[in-house]
Amino acid sequence: MNISTHINQTQQAPLLAIGGSAGALKALLIILSELKADIPVTIVIIQHLDKDHSTGLLSVLNNSCSLPVVSAIEGEKPMIGKVYLAQTNDHLIINSRGKFHYQEEPLAQVYRPSVDEFFASIAMHWKNEVTGVLLSGMGDDGALGLLALRRLGFYTIAQEKLSCGVFGMPKVAIARNAAVDIFTPNQIVKKINLLY
């Protein structure tokens, strides 16, 4: 699939957006450890996690990745060469200026930070190509957002069942036809390295 049809000449790089929850850590470690060190993309991870445990996750991910894994900071513009991790109980989005923004709403969304909210925001505001990846997790967060990305013609991947710790979020995404491909973590990172 040629995803370059959505490239615009802007200051934004291609974006790799990864969402996950329960059981996703193992997949994240595989993906980050095998990513090319010079991969020319912006990478953002939305992982359901209480903010009190986010520092520990940051440390674990940094130990597995050749790129620096850093907190997504309010008002910061995401750039190539870093892996950004949502770090509060609020929802991380990309705003209309292409910068990180945290918001409490929707309060009814119990999965925090919400993968759906982030995916929906990049569908609206990211001005370059996007690859959306939905990993292991309970519930259905991320499925609608992944579908929104696919409907725009972006490349989307859901983690396959046997490699998931909890086959909830990817299962719903697959059922909604939101994923172009259904891959193991090893297949996911091989595909990303080929794309970029």
Say whether Leu195 and Ile157 are linked into one hydrophobic cluster, either directly or through other cluster members, by side-chain heavy-atom distances under 4.5 angstrom. yes
Short side-chain to backbone donor-acceptor contact, Trp126 and Gln12, under 3.5 Å: no
The reported gap from CG in Leu85 to NZ in Lys82 (rounded to nearest 0.5 angstrom) is 14.0 Å
Show your working on side-chain contact (heavy atoms from CB on, under 4.5 Å) between Ile43 and Tyr84 and close with a plain yes or no.
-> CA-CA 6 Å; Ile43 303 167; Tyr84 296 93; over 6 Å; no
For this session: Spell out, as yes or no, whether a donor-acceptor pair under 3.5 Å connects the side chain of Arg176 to the backbone of Leu147.
Result: no
*When you look at NZ of Lys36, are more than 12 heavy atoms from neighbouring residues, nucleotides or ligands closer to it than 6.0 Å?*
yes
Keeping Ser64 on the side-chain end and Leu32 on the backbone end, is there a donor-acceptor pair under 3.5 Å?
no
Legend entry - Donor-acceptor contact present, side-chain Asp141 to main-chain Val115, <3.5 Å: yes
Q. Hey, does the side chain of Tyr102 reach the backbone of Ala86 with a donor-acceptor pair shorter than 3.5 angstrom?
A. no
Correct closest heavy-atom pair for Ala17 and Phe119 would be CB-CE1, 3.7 Å
Tightest non-hydrogen contact, residues Ala24 and Gln47, listed as CB-OE1, 3.6 Å
Please step through side-chain contact (heavy atoms from CB on, under 4.5 Å) for the pair Val70 and Val83, ending with a clear verdict. CA-CA 6 Å; Val70 299; Val83 179; over 6 Å; no
Scanning both residues in full, the closest heavy-atom pair of Asp90 with Pro113 reads O-CB, 3.3 Å
Shortest non-hydrogen pair, Ile192 vs Val133, comes out as CD1-CG2, 4.4 Å
- Are Ile30 and Ile188 connected in the hydrophobic side-chain network, where two residues link if heavy atoms are under 4.5 Å apart? no
In this structure, CZ of Arg151 is separated from CG of Leu146 (nearest 0.5 Å) by 11.5 Å
Would you check if Lys26 and Pro185 make a side-chain contact, meaning some heavy-atom pair closer than 4.5 Å? no
Look at the side chain of His91 and the backbone N and O of Gln103, then say whether any donor-acceptor pair between them is shorter than 3.5 Å.
no
Going hydrophobic residue to hydrophobic residue with side-chain gaps under 4.5 angstrom, can you get from Leu16 over to Tyr196?
yes
| query | Less than 4.5 Å apart, any side-chain heavy atom of Arg150 and any of Val180? | reply | yes
dist Lys171:NZ -> Cys164:SG (nearest 0.5 Å) comes out at 11.5 Å
Q. Any sub-3.5 Å donor-acceptor pair from Ser136's side-chain atoms to Gly165's backbone N or O?
A. yes
Is there a path of hydrophobic side-chain contacts, each under 4.5 Å between heavy atoms of I, L, V, M, F, W or Y residues, that connects Ile45 with Met138?
no
Next on the checklist: With a 3.5 Å distance limit and no angle check, can you tell me whether Ser121 reaches the backbone of Ile94 through a side-chain donor-acceptor pair?
Outcome noted: yes
Interatomic distance, CD@Glu160 vs CD1@Ile174, rounded to 0.5 Å, equals 8.5 Å
*asked:* Can you see whether Glu74 engages His101 through a side-chain donor-acceptor pair at a distance of less than 3.5 angstrom?
replied: yes
Margin query: Could you walk me through whether Tyr155 and Asp181 satisfy the side-chain contact (heavy atoms from CB on, under 4.5 Å) test, starting with their C-alpha distance in whole Å, then the side-chain angles of each, then the deciding distance to 0.1 Å, before giving a yes or no?
Written below: CA-CA 8 Å; Tyr155 182 55; Asp181 282 316; 2.5 Å; yes
Next item on the list: Consider only side-chain heavy atoms of I, L, V, M, F, W and Y, link residues closer than 4.5 Å, and tell whether Leu29 and Ile18 are in one cluster.
Entry: yes
Heavy atoms of Val189 and Leu35 approach each other most closely as CG2-N, 3.7 Å
Here the gap from Asn63 atom CG to Ser33 atom OG, rounded to the nearest 0.5 Å, amounts to 12.0 Å
Look at atom CD of Glu76 and say whether more than 12 heavy atoms of other residues, nucleotides or ligands are closer to it than 6.0 Å.
yes
* Any Val69 side-chain heavy atom under 4.5 Å of Leu57 side chain -> no
Is the side chain of Ser71 donor-acceptor paired with the backbone N or O of Ile73 at a distance under 3.5 Å, no angle test? no
Show, in sequence, the C-alpha distance, side-chain angles and deciding distance for Leu92 and Ile46, and conclude whether the side-chain contact (heavy atoms from CB on, under 4.5 Å) test is met.
CA-CA 8 Å; Leu92 178 68; Ile46 308 295; 3.8 Å; yes
CG (Leu67) and CG (Leu61) are apart, to the nearest 0.5 Å, by 12.0 Å
query = Is there a donor-acceptor pair closer than 3.5 Å between any side-chain N or O of Gln187 and the backbone N or O of Lys191?
reply = no
In terms of heavy-atom contacts, Asn193 and Glu34 come closest through ND2-O, 2.9 Å
